[in-house]
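Worksheet: the structure to be examined is printed underneath.
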There are 2 protein chains.
Amino acid sequence: MRGELTAKGRATRQRIVEGAAAVLRERGAALATLDDIMARTGTSKGQLFHYFPAGKDELLVAVAQFEADQVLEDQQPHLGCLDSWEAWQQWRDVVIERYEAQGDECPLGSLFFQIGRSTPGTRAIVIELLRQWQESLAAGVRALQAAGLIPADVDADIRAAALLAAIQGGVSILLSTGRSTHLRAALDQGIADLRATSHAAV
Amino acid sequence: MRGELTAKGRATRQRIVEGAAAVLRERGAALATLDDIMARTGTSKGQLFHYFPAGKDELLVAVAQFEADQVLEDQQPHLGCLDSWEAWQQWRDVVIERYEAQGDECPLGSLFFQIGRSTPGTRAIVIELLRQWQESLAAGVRALQAAGLIPADVDADIRAAALLAAIQGGVSILLSTGRSTHLRAALDQGIADLRATSHAAV
DNA sequence: CCTACAATGGACTGCGTAGTCCATTCTGAT
DNA sequence: ATCAGAATGGACTACGCAGTCCATTGTAGG
C-alpha cells in the first residue's frame, strides 16, 4: 500500500468529484459549500481534505477538469468525423440536445467565475477545452474541403473560431434566458453560411 | 425634505453604485465584499444600508442595471443607424475596441452567476438587455434590405439572433482566454456572411 | 433660530463556512 | 496474526462577512 491510494480510496475520490459536480451544477459554485458536497456524497470533512489536501480550490479544479472532459465526450463520435453535411447536422442535433437538457446549469461557467480569474488552474482547463473543440471543428471544415463539398479557399481556422464563438454565445444566452432560440439560430446560420460558400459568386 | 432623498443623498447613492461596479469588475461579484465597496467609495456601513435597505442583493441589482445601460450606450450612435456597410464596420470596430479594453472583466457575467439564478432581478435585466440589443441588430439588417444592399428574403431576426450569439460567444471566449481572436472572427465572419447573401446563387 | 428628518460613522452581533486535528476503523502485504 | 499506513468520522477552531443599531452631524423648510 505504498501508492497512496487504494482501490477503495480511488472510488471514494471519484464519488466526491462526481457528487461535487452535481452540487455545483445545482447551486452554482458561488453558493455550493463543502457541507453540501459532504451531504450529497456521504463523506466527511476528513475525507474531503484527505483526498484534496489543498481544500476547496483543489476540489473545484478537479471538478472543472471532469466537466471539461464531459463536454467533448458528449459530442462524440460526431465531433470526430465531420466529413459530410449529414455528419454536421447530426453533430448540431447532439449539441442542441445536450445544452437544452442542461438548461440553465453551467458547470464550467460558474466554476470559471468563482475561481477562474484567481486560480490559473481552471483558466488553463477552459483554454485547453476551447482549443481542442476548435481544432475538431477546423478538422471538420477541412474534411468538407477534402470531399470537395466546399471551396479550398475557405479559411478553416477562422470558420472554426466563428463557429465556436457562435456556440458559446448561444449557450450563454441559453443560460441567461432559458431559451435555446439563439443557440439554434447561431448553429444553423453558421452551418448554412458554410454551405453557402459552395455556391457563392465570389 | 419629504421626498426621501436630498441632492447630496442622490450623489452619494450614485457614487456607491459606480464604485461598486468598479469593485465588482475588478474582483468579481463572488469575491467582492461590502468592505471593499466601502473602502473604494469612502462610505460607511450605515450609508450602504441606508441607500440599499435590502442589503447586498439590492445593491448588486442596481449595479447590474447600471452596467447593462452602459453596454448599449457604449455602442451608440453606431448601433442605432446600421444602414450601410460602413456603419456596420464602424460598429464592429467600436464593439471590438470596447471589449478589448474591458479585457477579462465581465461585469454582467459575474453578476449573473452570483445572483442571476436565485434573484429574478438580474436575470430580467440581462434578458431585457439582450432583447434591445438584438432588436437594434435586426433593425440594422432591415435597413440594409431597405437600401437594397441585401436581398429581401434574408430573415432579419434570425440573422440578428445569430450575430448576437456570435458576439456573446466572442466575448465569453475573450473572458476565458484573454484573446479577442474569436470575437473578431465571429463578428467579421458574421458580417461577411451577411454581405455574401447579396451575391449568392441561391 | 429651531425642528424634523436625512446623512453619516462605526462599534457590535451572529452566523456560516473553510480548514484543523486526532481518535478510530479498515485493508492489504508479509 | 501482525502492523504500517490508508480511510473515515466528527468535534473543534478561526475568521470573514453581512447585517443591526444607535449616536452624531448635516440640512432644508418654517
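Numbers restart at 1 for each chain; the letters A, B, ... are given by sequence-line order, proteins then strands.
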Which pairs of donor and acceptor atoms, one on a side chain in residues 140-151 of chain B, lie under 3.5 Å apart (sequence neighbours left out)?
unit_1	atom_1	unit_2	atom_2	d
B/Arg142	NH2	B/Asp157	OD1	3.2
B/Gln145	NE2	B/Pro151	O	3.2
B/Gln145	NE2	B/Ala152	O	3.2
B/Gln145	NE2	B/Val154	O	2.8

Length of the line joining [X]:[atom1] and [N]:[atom2], which is rounded to integer Å:
{"X": "A/His50", "N": "C/dT24", "atom1": "NE2", "atom2": "C1'", "answer": "14 Å"}
{"X": "A/Leu59", "N": "C/dG19", "atom1": "CG", "atom2": "C1'", "answer": "14 Å"}
{"X": "A/Leu31", "N": "C/dC15", "atom1": "CG", "atom2": "C1'", "answer": "16 Å"}
{"X": "A/Leu5", "N": "D/dT8", "atom1": "CG", "atom2": "P", "answer": "10 Å"}
{"X": "B/Met38", "N": "D/dG16", "atom1": "CE", "atom2": "P", "answer": "15 Å"}
{"X": "A/Ile37", "N": "C/dG19", "atom1": "CD1", "atom2": "P", "answer": "11 Å"}
{"X": "A/Phe52", "N": "D/dA7", "atom1": "CZ", "atom2": "P", "answer": "12 Å"}
{"X": "B/Lys56", "N": "D/dT20", "atom1": "NZ", "atom2": "P", "answer": "15 Å"}

Taking 4.0 Å as the cut-off, does a side-chain nitrogen or oxygen of [X] come that near to OP1 or OP2 on [N]?
{"X": "A/Thr12", "N": "D/dT8", "answer": "yes"}
{"X": "B/Gln47", "N": "C/dA7", "answer": "no"}
{"X": "A/Thr6", "N": "C/dG28", "answer": "no"}
{"X": "A/Tyr51", "N": "D/dA6", "answer": "no"}
{"X": "A/Lys8", "N": "D/dA7", "answer": "no"}

Smallest heavy-atom separation, B/Ala32 atom then B/Val23 atom, equals CB-CG1, 3.9 Å
Looking at every heavy atom in both B/Cys81 and B/Ala87, which two are closest together, and how far apart are they?
O-CB, 3.4 Å
So does [Y] get a backbone contact from the side chain of [X], meaning a donor-acceptor N/O pair under 3.5 Å?
{"X": "A/Ser176", "Y": "A/Ser172", "value": "yes"}
{"X": "B/Ser180", "Y": "B/Leu183", "value": "no"}
{"X": "B/Gln76", "Y": "B/Gly80", "value": "yes"}

Provide a list of protein-nucleic acid N or O atom pairs under 3.5 angstrom, restricted to nucleotides 21-24 of chain D.
none

Would you call B/Arg184 and B/Glu100 a salt bridge, using N to O less than 4.0 angstrom?
yes
Return whichever of A/Ser44 or B/Leu34 has its heavy-atom-nearest nucleotide of DNA chain D closer to the 5' end.
A/Ser44
